[in-house]
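Here is the structure we will look at, set down as C-alpha cells.
Start at 1 with the first residue, then count along the sequence.
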Amino acid sequence: MHRDRPPLDVVRAWAEQRFPDRAWPWAPTTDPDAPDGAGRPARLTLSTRAAAGASGAVLALGIGIGLASGPGPDSSLAATGDPVVVVGPAAGPLAAAPAPAPLLAPAPAPTPAPGTVPEEPAPATDAPAVTADPAPAPAVGAPATDVPAPAAEEPAADEEPTDAPATDEDPATGDVPTTAGPARPALPTVGKVTVVWMADGRSERTFGSDSPMPYVARTLAAEGLVLPRYHAVTRGAIGNGVALLGGLAATPEQLAGCTTPTAGTCVLPEATPSLLNQLTGAGRTWKVYAGALGATGVDSCRAPELDRPDPAGLQPRPGDAFATARVPALWFASVTAGADCGSVVDLGQLDRDLAAGDDAIPDFSLVVPDVCDSGIEVPCPDGRPSGPAAADAFLATLVPKLTSTAAHRKDGLVIVVWDQAPATGPFADARPCCSGRPDGVPGGGRTGAVVLSPFVTAGTVQDKPYDHLALLRTLEDLFGLDRLGLAADPAVQGFGPKVLAAPAADGDR
C-alpha cells in the first residue's frame, strides 16, 4: 500500500481512472500543497479510529458504484494492483450488523396473568434424563406398604383374536356396521368354572423353594399351570373384588375399607352391572360360597347394613370368622338388592352341591374362605392357625374336591388367585400390572395364580403378567359375555391359547 497517500485519495484516484465520464461529488477547493495554487479536490484525511470504524460502510459504497456501472474487464477493486482500504465519512460510528434470523422462531414467552409473578426458569442440572419411576402415592385410607412399587409390567400378549370385530362392509349391501363386536381369543369350550379367592399372597413366597405353602408350590404347580406374574390391581379386598366382578376402579371409600358402608360409594348402585348379573341374564347359573357366612344363622347373602358400622371386618369375632370385605358380590347392589343375593351362600353348601352331581354344580362358582383360612395373619378366637400355612391346608382339602368331579375332568376350569399381596411385613408388595389399569392408586402386588384344567399343560409356567381385570375379561370371553368396565380396554389382555389351549382333534394327534 502507498503509505504516503491517504486512503480516500486512493479510492478517489481509482474511481476517476475507472469511470472518467462520471461527475464525482467531491467539490474542488484550494490545496496549499498544489503547485501555483492550482485548484483540485482537497485531500481528505480521517483519524485511524474513524477510518477503522467506518471502513465497512464505505467498502459497501465502493462495491455498489462498481456494480451500478456494469461489468467490465477491470471491474474488481483489485484491478488497480494496489491493496485498497475503503473508508467512509467521518461522521457517525459503525452500526452493528443485524443478527441472522433463526431457522425456527422461538415461541413467545407466555404473558403472566394480572397480579401474578412470572416463574423463573428452573436452573439447569446435570441429572440424567431417565430416572426411576416414583412409587405411586397411596390412596386415602389405604394401608401403608414398606416396599416401593416399580413401574407397571408390560402387557401380556397372549390373546390371539380369531373373530375380529366386524367392521368391513357387507359384500351384498355395501353397508358398514355401525358397531363392532369384541374380538375374542381362540379359547376352548369350557364347562364349569370355579375361582378360588384367597388373600395376602406373594408370588415369590408362595411358589418359592422354601414356600410356607408346600401343597400349592409342589402339588398344584405340578398338576396345573402357574402364572407367577399374576397381579392384584389395587390395595384392599373390596377394591380388588369390584375389579374382579365389575372391571371397576375402587372408590376412595372402598380403598379405605368401608367400615361404615354407604350406598353408592361403598355398595355400588343397582345400575352398576357385574359378572354375576351378566351370567343371570345369559341364563347361566352361579353361586358364591363364602366361609362362615352362616355362622350367625343367616342362610344366604348377609349383605352389609348401610350407614352402620360393619361388624364383619377382617378381624374374626368369637364364633364368626366371616368377613364382608372379602366377598366381592356383596358390594354390588345389583346383587344384594334382588333375588340374586340368594346365590351368595355359606361355604358348607359346596360339599352338598358337589355330592349332588354335576347338574347341581353352578356354571360359575366363586369360593371365598373365611378370614382364618384365607391366608391373612390374624388371631383366630378358636385357637386355630391362620396365615399361609392355614391357607395351604384349606386348599389341600378343597381343590381335590373340585378337580375330581366328572364335570371338571371333562371340560372344567379351576383358578386359584389371591386378592392382593401383603400390605406390610417382609413380603409386602405394591407392584402394579400392565397398562390400561386404574390410575392414581397403588398397585396390589404380584400374587401369582394357578390354573387347573384339561386345557392346560400340567407342570408348566406362563411367565406373562395378568391381573384381576385380565381374569374378568377371560371369564366373559369363556361365557360369551360383553366385557365390563376396564376389562373392555384393548390394553387388557386376557388368557389366550398360551394358557388355555383346546386339545388337538383325533385326526391331528
Side-chain angles (χ1 to χ4, degrees), residues 136-145 197-200 232-277 288 290-293 295-296 298 300-317 320-338 340-341 344 366 368-372 374-376 378 418-424 430 438-445 468-469 472 484-486:
V140 176
T145 175
W197 188 241
M198 305 302 290
D200 280 15
V233 298
T234 187
R235 268 281 150 247
I238 301 174
N240 285 292
V242 299
L244 174 70
L245 292 188
L248 302 172
T251 66
E253 291 79 6
Q254 290 170 339
L255 292 172
C258 288
T259 54
T260 300
T262 53
T265 54
C266 284
V267 179
L268 301 175
E270 286 189 58
T272 304
S274 72
L275 171 66
L276 306 180
N277 307 126
V288 175
L293 180 145
T296 60
V298 177
S300 63
C301 197
R302 199 171 171 181
E305 293 188 55
L306 298 178
D307 302 317
R308 299 185 62 180
D310 182 15
L314 293 177
Q315 293 293 328
R317 284 98 24 227
D320 186 7
F322 174 78
T324 309
R326 292 221 63 250
V327 185
L330 300 181
W331 302 99
F332 290 86
S334 57
V335 173
T336 60
D340 274 353
C341 205
V344 182
L366 179 62
V368 185
D370 66 31
V371 179
C372 293
S374 66
I376 301 174
V378 293
W418 285 257
D419 61 0
Q420 64 178 338
T424 59
D439 294 328
V441 296
H468 302 326
L469 297 175
L472 172 60
L484 291 176
L486 295 168

Less than 4.5 Å apart, side chain to side chain, heavy atoms only: is that true for [X] and [Y]?
X      : Y      : answer
Leu330 : Val335 : no
Pro316 : Asp370 : no
Phe332 : Thr272 : yes
Cys258 : Asp310 : no
Glu253 : Thr260 : no
Arg326 : Ser374 : yes
Leu276 : Leu245 : yes
Pro328 : Leu366 : yes

| How many angstroms lie between OG in Ser274 and CG in Leu248, if you round to the nearest 0.5 Å? |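 Rounded to the nearest 0.5 Å, the OG-CG separation comes out at 9.5 Å.
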| field | Point-to-point distance, once rounded to the nearest 0.5 Å, from OG1 of Thr262 to CG of Asp307 | value |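 It is 6.5 Å, given to the nearest 0.5 Å.
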Looking only at heavy atoms, which two atoms of [X] and [Y] are closest? And how far apart?
X      : Y      : answer
Ala232 : Asn240 : CB-OD1, 3.4 Å
Pro273 : Leu484 : CG-CD2, 3.8 Å
Met198 : Pro369 : SD-CG, 3.8 Å
Pro304 : Val267 : CG-CG2, 4.2 Å

| Sequence-distant partners of Asp200, side-chain hydrogen bond (donor to acceptor under 3.5 Å, both in side chains), two or more places apart |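 Once residues adjacent in sequence are excluded, Asp200 has no partner under the side-chain hydrogen bond (donor to acceptor under 3.5 Å, both in side chains) criterion.
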| said: Determine whether the aromatic ring centres of residues Trp197 and His468 are separated by less than 6.0 angstrom. | reply: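 Between His468 and Trp197, the centre distance is under 6.0 Å.
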| request: Would you mind checking if Asp320 and Arg302 are paired as a salt bridge, meaning a charged N to carboxylate O distance below 4.0 Å? | output: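 Answer for the salt bridge query: yes.
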